[in-house]
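Source: prediction; values computed, not measured.
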Number of protein chains: 2
Amino acid sequence: MTTHHSDLRSMRSTARPTAGGERSDRVLQRDEHLFHEGSRLGQAYLVVAGVLKTYLLYENGEEQVLDFHLPGDVIGLDALTDEPSYCSAMALDTSSVRELELPDPEAALVSGGTDAALVLAGMHRAIRRLSRRLHMASTCTDQRLAGFLLEFAESQGRRGCSQRQLRLPMRRRDLACYLGLATETLSRTFTRLQQQGLIEVDNYDIVLLDQRGLQRVASASPCQTRHH
Amino acid sequence: MTTHHSDLRSMRSTARPTAGGERSDRVLQRDEHLFHEGSRLGQAYLVVAGVLKTYLLYENGEEQVLDFHLPGDVIGLDALTDEPSYCSAMALDTSSVRELELPDPEAALVSGGTDAALVLAGMHRAIRRLSRRLHMASTCTDQRLAGFLLEFAESQGRRGCSQRQLRLPMRRRDLACYLGLATETLSRTFTRLQQQGLIEVDNYDIVLLDQRGLQRVASASPCQTRHH
DNA sequence: CGGTGCGTTGAATACGCTCAATGCGGGTGG
DNA sequence: CCACCCGCATTGAGCGTATTCAACGCACCG
């Protein structure tokens, strides 16, 4: 989970020394990965020396750095959920990390369908979502709105409603604050998508005319903007 | 914690029905708050009808909407950590929510210094940090870099190092990806802050000359940009 | 009928991005 | 030891996009 700037003090108390003394540290060379997105961790890591970054890579090659990790930080709280890691970790310089034994309570807590596991999974999902939105925040407006509409449609689908016809439950101002835009810009973006024949806008009622087209817009690389 | 689009299915299993049958739903009018930032929750809420937003308000009056919550969503997983809620929740329209009893295991799990509580607190912090960065992502470059430098200085302080003289452990490209900028823009921003006498830049070595000035830049309102 | 809230549209500006060139240090090989 | 290259940071010019400020349209309501 990439706990940000956790201090040693708090983790020491949770780290359970391996029977028989200190576990040896693992050394990473510059540009070497500690783990990759999607891998199953099994344990967290304490950064002992050096510096690492956790990051996400997107389809179009863009990279979103999530955090930098300096000595004393802990990486990979992910490991506590039974989900695969949602990000990659790479050493920016020669570094050294120590594996942390996960304390027993979590081991029990994480596996199976315990209540706590559900909560952890929920927070895990929230972090993944926020990371994705952090990246979306530096894309062009069409991309952001298209992405939102698709996601909203999907959530409507999960509720058993139409995935094509949407009724937005929020005012423009709130949606603008959600997407990080000025309301005027949001408005213009709606009409632009409409002019491209991707959606039909009638105030709060939106029809997704071309779902595939929206997908394309939502995941376009930055420079594809200028062809029209 | 604002669990995003958790479905009913998974939460029903964790909700413990109050002894003696259904708890009555609480109805919120449009623009009415369910809870405010900083308040202690004690329980989570299931959205039954209507729509709510969770959001953060910043010093300068800007608002960052974190999420919209539709029927079936759960708000306030925050309640599981013993931290006060880090965001506010407001009804965007007449809405109805149901209080969820927290299952016993968490009650025990959350209180005191259990290991699990540490982990939850860590994830909680991560979510708060990401939310903040999400908002920073739509501010001007000076603000973003100033904010980063101050935060980095503080983290250095916690490690017992100088809070004035920094040695950045990452390349420009990584920092740019972290801040959501082009490396050229980041470079220009460094020199701009230097020209303003706020910092001194020598490759990876940065000196914070005017910490208060940086604070001011970091938390400026959007239109304060154009006075110089 | 005149307010008020909200969404849209228009014009001008500012800001960050792209592409290209330059600077600079640290390697490597002749 | 020097020449050259390579990676990386910086600087410059031009451009595109989002923002700001302003006006207008429209529905709702007193």
*For residues B:Gln165 and B:Asp205, determine if any side-chain heavy atom of one lies less than 4.5 Å from a side-chain heavy atom of the other.*
no

_Suppose we screen for side chain to side chain contact (heavy atoms under 4.5 Å, CB included). Which residues come up paired with B:Asp31, at least two apart in sequence or across chains?_
A:Arg171, B:Met90

_Measure CG/B:Asp31 against C1'/C:dG5 and give the value in whole Å, please._
12 Å

*Of all the nucleotides listed (C:dC6, D:dT19, D:dT11), which has the minimum atom distance to the side chain of A:Leu181?*
D:dT19

*asked:* What is the separation between atom CG on B:Asp142 and atom C1' on C:dC15, rounded to the nearest whole Å?
replied: 10 Å

*Name the nucleic acid region contacted by B:Arg188, choosing base, sugar-phosphate or nothing; use a 4.0 angstrom heavy-atom cut-off, strictly under.*
base

*asked:* Closest approach to the side chain of B:Thr185, judged atom by atom: which nucleotide of C:dG7, C:dC17, D:dC8 is it?
replied: C:dC17

*Which of these nucleotides, C:dG7, D:dT11, D:dC8, is closest to any side-chain atom of B:Thr191?*
D:dT11

_Check the phosphate of C:dG7 against A:Tyr204, side-chain N and O only, distance under 4.0 Å to OP1 or OP2. Yes or no?_
yes

*The side chain of A:Ala182 lies closest to which of these nucleotides: C:dC17, D:dT19, C:dG7?*
D:dT19

*Taking only the side-chain nitrogens and oxygens of A:Arg172, find out if one of them lies under 4.0 Å from OP1 or OP2 of C:dC6.*
no

*When the distance from CD of B:Glu184 to C1' of C:dC15 is rounded to whole Å, what number comes out?*
15 Å

_Criterion salt bridge (Lys or Arg N to Asp or Glu O under 4.0 Å) on B:Arg132 and B:Glu151, from CA distance to verdict_ = CA-CA 12 Å; B:Arg132 165 142 216 99; B:Glu151 189 183 313; over 6 Å; no

*Closest-nucleotide 5' rank along DNA chain D - winner of B:Met170 and A:Thr189*: B:Met170

*Which one, D:dA18, D:dA9, C:dT9, comes nearest to the side chain of A:Thr141?*
D:dA18

*A:His69 versus A:Thr54, side-chain donor and acceptor atoms under 3.5 Å*: yes

_Gap between atoms CG and P, on B:Leu186 and D:dC8 respectively (whole Å)_ = 15 Å

*B:His135 vs B:Tyr58 aromatic rings, parallel, tilted or perpendicular, using cut-offs 30° and 60°?*
parallel

*Once you round it to whole Å, what is the distance between C1' of C:dG25 and CG of B:Asn203?*
9 Å

*Give the rounded distance in Å between these two atoms: CZ of A:Arg173 and C1' of D:dT19.*
16 Å

*Take the protein atom CG of A:Asp174 and the nucleotide atom P of C:dC6, then report the distance between them rounded to whole Å.*
10 Å

*Does the side chain of A:Ser187 get closer than 4.0 angstrom to OP1 or OP2 of C:dT8 through an N or O atom?*
yes

